[in-house]
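In what follows, a single structure is set out as structure tokens and then discussed.
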Amino acid sequence: MFLSASLNFERQKLADFLRKCSKGLLIGQGLKAHAALEKMGFNSDLMLSNDLIDMYAKCGRVDIAAQVFDKMPDRNVVSWTSLMSGCLRNGDAFGALSLFLAMWGAEVRPNEYTLSTAVKACWSAGSVESGSQVHAVCVKTGFDVVSVVGNSIIDMYAKCGRVEDAARLFDAFPEKNAICYNVMIAGYASEENGHKAVILFRDMRVKGIVSDEFSYASVLKAVGCVGAVRQGAQVHASLIVEGFPISGKKIVAGALIDLYVKCGCVREAREVFEQCEEKSVVSWTTLILGYAQNGSVAEAMECFRQLMESGVEIDGFVISSLMGVFADLALVDQGKQTHCYAMKLPFGLDLSVCNSVVDMYLKCGLVEEAERHFDEMPVKNVISWTVMITGYGKHGIGESAVRLFDRMQSENVQPDEVSYLAVLSACSHSGLVKDSQNIFFKLCLDRHVKPKIEHYACVVDSLGRAGRLQEARNLIDSMPFRPNAGIWQTLLSACKVHGNVEMGREVGNILLDSDGENSVNYVMLSNIFANAGYWKDAEKVREIAKTKGLKKVAGRSWVEIDKKVHIFFGGDDTHPLTPEIHAVLEELEKKMKEESGYTHMVQYALHDVEEESKAANLKAHSEKLALGLALICHGLEEGGDMIRIFKNLRVCGDCHEFIKGVSKILKKVFLVRDSNRFHKFENGLCSCKDYW
DNA sequence: CTAGGGTTAG
């Protein structure tokens with residue numbers, strides 16, 4: 001087409017203007033330019049149409065970009081690539097990939113821009129299979145050695161968990177620039193490879209490649225993953241030496257805050273945070289979690305309050321993080337409150353928010369509430385299903401867990417290794433041995449998931465609880481893994497339940513050799529001996545533990561009354577109502593003795609699994625104290641609201657029996673959440689089928 | 001028209 005000089009001038013002006021709109025994200029101006037363009041009859045101009053696509057894509061309107069694209073009489077590689085990258089930018093990786101395929105059908109050849117976009121779309125879509133296919137195309141077309149493409153490929157493999165493949169390509173890559181290094185350092189930023197990230201970071205500097213913010217952020221993440229505070233401080237120091245003021249570098253500062261938080265140095269984290277001129281929501285989130293993980297819930301909530309006042313925009317990450325804190329501590333009132341607040345926000349229905357809410361309700365013992373929110377979720381992902389399955393499992397409703405696991409697949413959600421683990425664990429808690437075996441079998445045939453040792457452990461647990469110890473033992477022997485301490489502990493615990501001293505002795509010895517610093521092993525083994533009357537053996541095991549100076553985790557229980565959390569340790573007498581608590585417990589014990597002949601189950605006192613403290617006797621177990629306080633506050637009349645008690649370890653057997661008795665006498669319902677599962681006590685019975 | 005970084009839910 002021949003254009004007059006003035007028309008050509010107008011055309012160039014429009015193109016310049018569109019690029020300006022695209023750069024400045026000025027959708028309003030862009031729409032005007034589009035109208036002008038049509039009026040002037042430039043509809044079928046290839047270059048201008050491409051500029052339009054790019055403008056709309058960058059301004060977040062891929063839908064209009066696609067309309068422009070569809071109307072074009074001719075499309076070149078730029079048209080296709082612009083739309084592809086628009087899809088990807090908009091979070092539609094699959095859309096980008098299908099365009100990539102369609103482009104081949106239209107016989108348009110990709111260039112380096114197209115290929116790097118396609119590679120990125122693959123990892124965004126989580127499909128390393130597509131990624132390696134596109135990789136093959138890059139090799140065939142010779143684009144794989146172009147740095148933009150090559151770097152994308154390395155990044156793709158690293159982000160899809162194939163770090164070794166990424167490293168192989170990285171080593172062979174001819175001209176490594178800073179981005180190439182950064183991609184690989186980021187790929188190494190994990191627990192298992194963190195040290196390699198540090199080595200590469202040094203190597204990069206030795207080779208004279210200038211490290212930038214990206215390098216720093218990634219290497220800081222890496223040292224955080226391996227928990228290397230000292231190395232982290234070194235990196236921090238070199239940041240200062242090289243004149244990298246973190247105040248203006250949000251991401252580097254964020255990485256630094258996270259590093260200090262991960263190492264338990266919340267004070268240092270706060271210092272860095274305060275140094276930032278512009279505090280991002282990410283830094284706030286990191287800090288909030290830092291406080292919570294270090295046991296300062298009040299500080300965490302205060303931090304959240306400050307965030308809300310700061311004017312920084314709240315996002316789904318903070319809400320789901322906070323919800324996780326409430327879930328862990330079972331702070332149901334705060335959880336509900338935050339949930340109500342979150343629902344009014346634009347991201348209130350985001351997956352991570354909904355998932356964290358459902359999890360919070362489950363961990364607070366409100367199964368129906370959780371089910372309601374789960375059912376109402378507009379979209380579910382594999383995590384949503386897993387949360388619910390785990391919840392059912394912990395509440396001893398294994399049948400529901402298995403049913404949900406089936407439903408998830410009928411709704412075309414592919415289970416991953418965590419969901420398999422959740423359902424297998426639910427089976428073992430509910431004694432569903434057959435289901436456990438069937439699901440495990442299915443897992444072995446599932447092309448998408450590889451069975452891990454934890455899956456084996458669940459089946460070993462199921463078999464063990466059912467008393468099929470030899471089968472459990474055989475399964476361990478048949479594993480393609482070297483057995484770890486965890487799986488032996490599972491078997492040992494089964495030996496204890498079923499009083500199998502011979503196997504217990506054998507397994508116990510293996511454990512004492514391989515995991516000799518863990519007090520749990522000694523306690524369990526000594527219990528097996530003591531239960532069977534082998535007192536001398538029991539004593540010997542306890543002696544070894546004692547000479548090694550092994551300490552146990554202190555047991556603690558808590559109960560929430562009027563939004564206040566009351567925490568008790570074993571033998572705790574610090575609560576102002578301590579005399580009243582003991583009086584209530586005493587009275588109930590007397591009644592129980594009269595009605596059903598209950599006496600303390602002394603075996604738990606002599607060698608309890610969690611043996612909270614030497615001084616504590618059964619009457620002063622933390623869960624009983626919490627129960628006593630709850631009863632005083634709720635009143636001793638029959639019936640009333642469900643009382644919820646929480647413990648950081650497993651509930652002791654005597655307390656378990658005791659609470660059963662109380663639930664019968666007072667016709668009250670108790671829900672106890674311990675480290676293992678939920679116990680719902682009602683009318684003298686407990687919901688769990690796996691307690692001993 | 002293209003490549004890299006810090007926070008979350010199981």
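Because only heavy atoms are used, hydrogens play no part in the values below, and waters and symmetry mates are left out as well, while side chains stay in. Below, chains carry the letters A, B, ... as their sequence lines are ordered, and counting in each starts from 1.
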Nearest-Å distance, CZ (F143(A)) to C1' (dA3(B))?
15 Å
Distance-only donor-acceptor hits, side chain of residues 372-380 of chain A, under 3.5 Å, sequence neighbours excluded:
none

What does K120(A) touch in the nucleic acid at a heavy-atom separation under 4.0 angstrom: a base, only the sugar-phosphate, or nothing?
sugar-phosphate
Minimum-distance nucleotide to D315(A) side chain [options: dG5(B), dT7(B), dC1(B)]:
dT7(B)
From the set dG10(B), dA9(B), dG5(B), return the single nucleotide nearest to any side-chain atom of N355(A).
dA9(B)
Just call it for S82(A): base, sugar-phosphate, or nothing, with non-hydrogen atoms closer than 4.0 Å on any strand.
sugar-phosphate
Please determine if D406(A) and R403(A) form a salt bridge, counting it only when a charged side-chain N lies under 4.0 Å from a carboxylate O.
no
Looking for any heavy atom pair under 4.0 Å, which part of the strands does V387(A) touch: base, sugar-phosphate only, or nothing?
sugar-phosphate
Can you tell me how far C1' of dG10(B) sits from CE of M323(A), to the nearest Å?
16 Å
Expressed as a whole number of angstroms, how long is the span from L52(A):CG to dC1(B):C1'?
14 Å
Quick note, V78(A) side chain, CB onward, closest among dA3(B), dC1(B), dG5(B) is dC1(B)
M47(A) atom CE is separated from dC1(B) atom P, nearest whole Å, by 11 Å
May I ask you to say what S116(A) touches in the nucleic acid, namely base, sugar-phosphate or nothing, with a heavy-atom cut-off under 4.0 Å?
base
Which part of the nucleic acid, if any, lies within contact of K159(A), taking any heavy atom under 4.0 Å across all strands shown: a base, the sugar-phosphate backbone alone, or nothing?
sugar-phosphate
Is a donor-acceptor pair below 3.5 Å formed from side chain S218(A) to base dG5(B), judging by atom type as modelled?
no
When you get a sec, tell me which of dG5(B), dA9(B), dG10(B) is the closest nucleotide to the side chain of N381(A)?
dA9(B)
Assert yes or no for the condition that the ring centre distance of F304(A) to W284(A) is strictly below 6.0 Å.
no
Go through the N and O atoms of the side chain of S321(A) and the base of dT8(B), and report whether any donor-acceptor pair is under 3.5 Å.
no
From the candidates dC1(B), dA9(B), dG6(B), the one with an atom nearest any side-chain atom of N111(A) is dC1(B)
With a non-hydrogen cut-off below 4.0 angstrom, is D350(A) in contact with a base, only sugar-phosphate, or nothing?
nothing
Using the ring of each side chain (for Trp, its six-membered ring), is H395(A) parallel, tilted or perpendicular to F678(A), with breaks at 30° and 60°?
parallel
Take atom CD of E191(A) as the centre, draw a 6.0 Å sphere, and report whether it contains more than 12 heavy atoms from other residues, nucleotides or ligands.
no
Treating D63(A) as the side-chain partner and A66(A) as the backbone partner, does any N or O pair qualify as donor plus acceptor under 3.5 Å?
no
Which nucleotide sits closest to the side chain of S419(A): dG6(B), dG10(B), dC1(B)?
dG10(B)
Could you tell me whether E242(A) and R205(A) have a side-chain N and a carboxylate O separated by less than 4.0 Å?
yes
Hey, does N50(A) reach any base, or is it just sugar-phosphate, or nothing, if we go heavy atoms under 4.0 Å?
nothing
Selected nucleotide, minimal atom distance to R89(A) side chain, candidates dG6(B), dG10(B), dT2(B)
dT2(B)
Which whole-number value in Å describes the distance from I209(A) CD1 to dA3(B) C1'?
16 Å
Is S280(A) touching bases, backbone alone, or none of the nucleic acid, heavy atoms closer than 4.0 Å?
base
Quick one: the side chain of S320(A) and the base of dT8(B), do they pair up donor-acceptor inside 3.5 Å?
yes
Atom-to-atom span, CE of M377(A) to P of dA9(B) - whole angstrom
15 Å
Please determine whether a side-chain nitrogen of the Lys or Arg among D258(A) and K221(A) lies less than 4.0 Å from a carboxylate oxygen of the Asp or Glu.
no
Measure from the side-chain heavy atoms of S352(A) and tell me the nearest of dA3(B), dT8(B), dG5(B).
dT8(B)
Choosing from dA3(B), dT7(B), dG10(B), which nucleotide comes nearest the side chain of S152(A)?
dA3(B)
Any donor-acceptor pair under 3.5 Å between the side chain of S283(A) and the base of dG6(B)?
yes
Ignoring backbone atoms, test whether R19(A) places a side-chain nitrogen or oxygen under 4.0 Å from the OP1 or OP2 oxygen of dC1(B).
no
Between K249(A) and dG5(B), is there a contact of a side-chain N or O with OP1 or OP2 at under 4.0 Å?
no
Between Y216(A) and F201(A), is a ring-ring contact (aromatic ring centres under 6.0 Å, His included) present by the stated rule, with each step listed?
CA-CA 9 Å; Y216(A) 274 109; F201(A) 179 72; 5.5 Å; yes
How many whole angstroms separate atom CG of L200(A) from atom C1' of dG5(B)?
15 Å
In numerical order, the residues of residues 401-408 of chain A whose heavy atoms come under 4.0 Å of DNA chain B are none
Donor-acceptor pair (no angle test) under 3.5 Å: D212(A) side chain, dG5(B) base
no
N177(A) near the nucleic acid: base, sugar-phosphate alone, or nothing, with a heavy-atom cut-off under 4.0 Å?
base
With a 4.0 Å cut-off on heavy atoms, is S384(A) in touch with a base, just the backbone sugar-phosphate, or nothing at all?
nothing
Looking at the side chain of D54(A), which of dG5(B), dC1(B), dT7(B) is the nearest nucleotide?
dC1(B)
For S79(A), answer base if it contacts any base atom (sugar-phosphate contacts may also be present), sugar-phosphate if it contacts only those atoms, and nothing otherwise; contact means non-hydrogen atoms under 4.0 Å.
nothing
According to side-chain hydrogen bond (donor to acceptor under 3.5 Å, both in side chains), who are the partners of E268(A), at least two apart in sequence or on a separate chain?
none
Expressed as a whole number of angstroms, how long is the span from Y181(A):OH to dG5(B):P?
18 Å
So what does L115(A) hit on the nucleic acid, given a heavy-atom distance under 4.0 Å: a base, only sugar-phosphate, or nothing?
nothing
